[in-house]
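Sequence lines set the chain letters: A, B, ... in the order given, protein chains first and strands last, and positions in each chain run from 1. The shown structure was predicted, so the numbers you read here are calculated from the model rather than taken from an experiment.
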2 protein chains.
Amino acid sequence: MPKPDVDPTVTLDLRVDRSSPVPLYFQLAQQLEAAIEHGSLTPGSLLGNEIELAARLGLSRPTVRQAIQSLVDKGLLVRRRGVGTQVVHSQVKRPLELSSLYDDLESAGQRPATNVLVNTVVPASAEVAAALGVAEETEVHRIERLRLAHGEPMAYLTNHLPSGLLDLDTAQLEATGLYRLMRTAGITLHSARQSIGARGATAAEAERLDEPEGAPLLTMQRTTYDDTGRAVEFGDHIYRPTRYSFEFQLLVRP
Amino acid sequence: MPKPDVDPTVTLDLRVDRSSPVPLYFQLAQQLEAAIEHGSLTPGSLLGNEIELAARLGLSRPTVRQAIQSLVDKGLLVRRRGVGTQVVHSQVKRPLELSSLYDDLESAGQRPATNVLVNTVVPASAEVAAALGVAEETEVHRIERLRLAHGEPMAYLTNHLPSGLLDLDTAQLEATGLYRLMRTAGITLHSARQSIGARGATAAEAERLDEPEGAPLLTMQRTTYDDTGRAVEFGDHIYRPTRYSFEFQLLVRP
DNA sequence: TCAATCCGTATGTCCGGACAATCGAACTAC
DNA sequence: GTAGTTCGATTGTCCGGACATACGGATTGA
């Protein structure tokens with residue numbers, strides 16, 4: 001009795017366009033990712049060896065390897081020496097990104113709304129100054145926003161930004177998210193340090209979020225840096241835990 | 001008046017050992033990382049161009065690029081075409097890892113202690129079965145642990161594992177963390193899906209954690225997968241938010 | 001029957017070179 | 001003086017090849 005092919009090697013219809021300005025390895029990576037997403041490449045299936053794949057596409061092996069490596073870094077593929085490259089079994093959708101609440105809600109199909117309650121310039125407190133890396137009492141922007149989904153308050157967002165970085169228009173802040181505004185202004189976000197905790201609501205917080213005093217709240221503090229290392233934003237957010245939780249996927253770095 | 005050198009190009013004493021089994025690019029990456037950590041490479045300083053660096057080390061450019069790229073992926077370096085590679089200004093320590101509470105506490109200098117309260121085999125509930133990808137009522141391991149730091153309860157950890165994966169010895173569970181046990185058993189952790197939220201403590205939870213009933217708790221649910229895509233662990237944890245919060249650093253993937 | 005060994009296969013590492021794209025500064029023209 | 005242009009420097013992409021290393025199955029031996 002022949003052994004069943006549990007992990008068949010899949011042959012795909014792959015093509016690259018050499019006249020395109022898009023790098024070849026990137027074109028290949030996109031097609032492979034699409035094939036995985038689409039289901040043409042099923043979990044566990046082998047990808048065929050790199051040499052033959054390169055020959056079939058008319059590419060060199062380093063180029064093919066670069067494409068595969070980018071998907072390995074994303075957690076979609078697993079390489080095994082002497083075995084081959086196969087699609088990861090688990091349902092890895094997307095690794096953790098530096099996400100904004102606005103984008104999260106929008107992609108979840110909720111229509112987020114924002115009320116800008118404060119949009120002003122204040123002298124930096126000690127905590128804000130330390131987070132942003134400026135001197136105490138330096139003037140910084142302060143915005144406070146109430147984020148709603150389906151008309152219900154979901155989070156209260158307090159943010160501080162160095163002045164001069166961005167002109168914060170209240171109308172724009174109500175129409176989109178802060179991160180999107182920063183990116184539009186040409187700021188390249190690079191990394192962020194964040195802390196997630198919980199505590200009971202103060203009277204003022206309870207009022208704003210329509211919760212009883214002392215109700216459990218989910219809290220998040222985040223300092224975001226651009227690629228030059230400047231702190232570009234310090235946020236202090238509180239969330240209603242019945243309406244929101246942090247969900248994300250992690251990859252293990254070997 | 002001459003313009004001050006704000007971003008000097010640094011020349012380091014780098015060497016590679018070709019007789020070592022450690023890959024050359026990895027040796028170089030380690031030395032560069034050590035130089036950054038140690039302060040020899042200060043934030044903002046340029047790394048010198050790749051060609052010349054390769055020549056100085058007697059390596060090829062692809063090898064040097066591979067070393068640099070690994071540090072770029074870690075968020076320690078930034079490359080700019082036409083400019084060079086420079087050390088990131090901000091204090092990027094380490095990106096987010098799939099960390100275990102035990103390791104976190106240990107590296108923070110706290111001496112964690114664990115009381116194993118339950119270590120048994122039970123039929124899987126609907127929730128556990130869905131998370132682990134097994135049929136309902138399948139036998140699974142269930143462990144409940146109270147984690148203490150400095151003698152104070154810090155978290156209550158409930159975990160379920162597929163049976164047959166690991167023999168869970170209570171003594172070992174009290175001496176080290178679950179992830180370390182799994183790694184020792186040859187399981188390669190690959191990814192995890194987790195959800196962080198908050199809620200009030202039930203009477204039983206409050207008792208276990210020495211908190212008043214209804215006190216805010218930080219909650220985390222996590223399903224961990226190995227590199228074959230199997231779910232290897234499902235955890236449901238509650239933390240005392242006055243004692244613990246999740247702190248981590250994110251990188252933006254462009 | 002079972003264990004140790006061999007071997008094919010696939011990825012891992014490394015080389016040296018070539019050209020393209022982009023950034024920043026120096027230079028030129030108005 | 002200012003704006004546009006040129007040009008050097010540096011990384012980005014891609015090639016073709018070579019050898020090392022590890023995994024898994026087949027073969028061989030006890």
Side-chain angles (χ1 to χ4, degrees), chain A residues 2-10 16-30 32 44-73 77-87 186 188 227-228 254, chain B residues 2-3 5-10 16-30 44-73 77-87 186 188 227-228 254:
Chain A
K3 201 170 64 175
D5 284 351
V6 279
D7 286 338
T9 300
V10 180
V16 291
D17 175 10
R18 299 196 85 99
S19 67
S20 162
V22 178
L24 300 178
Y25 78 90
F26 195 79
Q27 292 183 37
L28 177 54
Q30 279 185 318
L32 290 175
S45 59
L46 288 167
L47 206 58
N49 77 57
E50 298 169 351
I51 314 262
E52 190 251 345
L53 190 57
R56 222 173 69 218
L57 286 163
L59 297 173
S60 72
R61 189 179 162 216
T63 303
V64 172
R65 272 184 73 79
Q66 195 175 358
I68 293 177
Q69 188 59 46
S70 70
L71 297 183
V72 171
D73 289 341
L77 299 177
V78 177
R79 326 176 83 139
R80 279 170 210 267
R81 199 184 271 195
V83 178
T85 305
Q86 51 185 316
V87 182
T188 310
D227 56 359
T228 70
Chain B
K3 201 169 65 173
D5 283 352
V6 278
D7 285 337
T9 300
V10 180
V16 290
D17 175 12
R18 300 194 84 99
S19 67
S20 162
V22 178
L24 300 177
Y25 78 90
F26 195 80
Q27 292 184 37
L28 178 53
Q30 278 185 319
S45 58
L46 288 167
L47 205 58
N49 77 59
E50 297 168 352
I51 314 264
E52 189 250 344
L53 190 57
R56 223 173 69 217
L57 286 163
L59 297 173
S60 72
R61 190 180 162 216
T63 303
V64 172
R65 272 184 72 78
Q66 193 174 1
I68 293 177
Q69 187 60 47
S70 70
L71 297 183
V72 171
D73 289 340
L77 298 177
V78 177
R79 328 176 82 139
R80 280 171 212 268
R81 198 183 272 195
V83 179
T85 305
Q86 53 186 314
V87 182
T188 310
D227 56 0
T228 70

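Distance, A:L47 CG to C:dT9 P: 19 Å, rounded to whole Å. The distance between atom CZ of B:R65 and atom P of C:dT13, rounded to the nearest whole Å, is 17 Å. For the pair A:R18 CZ and D:dC14 P, the interatomic distance rounds to 8 Å; values are reported in whole Å. D:dT21 atom C1' lies 16 Å from atom CG of A:N49, rounded to whole Å. One atom, CD of A:Q86, and another, C1' of C:dT11, lie 13 Å apart when rounded to the nearest Å. Across the protein-nucleic acid pair, A:F26 atom CZ and D:dC14 atom C1' stand 17 Å apart, rounded to whole Å. A:Q27 has its CD atom 13 Å from the C1' atom of D:dC14, to the nearest Å. The CD-C1' distance, from A:Q69 to C:dG12, rounds to 10 Å in whole Å.
Comparing C:dC14, D:dT11, C:dT11 by their closest approach to the side chain of A:E50 singles out C:dT11. The side chain of B:P23 lies closest to C:dC14, out of D:dT13, D:dA22, C:dC14. In the set D:dC15, C:dG12, C:dC14, the nucleotide with an atom closest to the side chain of B:L24 is C:dC14.
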In B/S/- notation (B base, S sugar-phosphate only, - none; protein heavy atoms under 4.0 Å), nucleotides 3-8 of chain C written 5' to 3' is ------
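Nearest heavy atoms, A:L59 versus A:V64: CB-CG2, 4.2 Å. Closest approach of A:I51 and A:N49 over heavy atoms only: N-OD1, 3.0 Å.
For B:V72, the side-chain contact (heavy atoms from CB on, under 4.5 Å) partners are B:I68, B:Q69, B:L77, B:R79, not counting sequence neighbours. Scanning for salt bridge (Lys or Arg N to Asp or Glu O under 4.0 Å) contacts around B:R81 gives an empty result, with sequence neighbours left out. With sequence neighbours excluded, no residue forms a side-chain hydrogen bond (donor to acceptor under 3.5 Å, both in side chains) with B:T85. Not counting sequence neighbours, B:S70 has no partner by the side-chain hydrogen bond (donor to acceptor under 3.5 Å, both in side chains) test.
Phosphate contact (OP1/OP2 of C:dT13, side-chain N/O of B:Y25, threshold under 4.0 Å): present. Contact annotation: B:T63 side-chain N/O to C:dC15 OP1/OP2 distance is under 4.0 Å. Look at A:R80 and you won't find any side-chain N or O under 4.0 angstrom from OP1 or OP2 of C:dA10.
Along DNA chain D, the nucleotide nearest to A:Q66 and the one nearest to B:P21 differ in position, and the one closer to the 5' end is contacted by A:Q66.
The line from CD of A:Q66 to CG of A:L28 is 10.5 Å long, rounded to the nearest 0.5 Å. For the atom pair CG (A:L46) and CZ (A:R80), the distance works out to 10.0 Å, reported to the nearest 0.5 Å. To the nearest 0.5 angstrom, A:L47 atom CG is 10.0 Å from A:E52 atom CD.
Although no hydrogens or angles enter the test, the distance criterion places a donor-acceptor pair under 3.5 Å between the side chain of B:Q27 and the main chain of B:V22.
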Extract from the structure each pairing of a protein N or O with an N or O of nucleotides 16-18 of chain D at less than 3.5 Å, listing the distance.
{"residue": "D:dA18", "atom": "N6", "partner": "A:R61", "partner atom": "NH1", "Å": "3.4"}

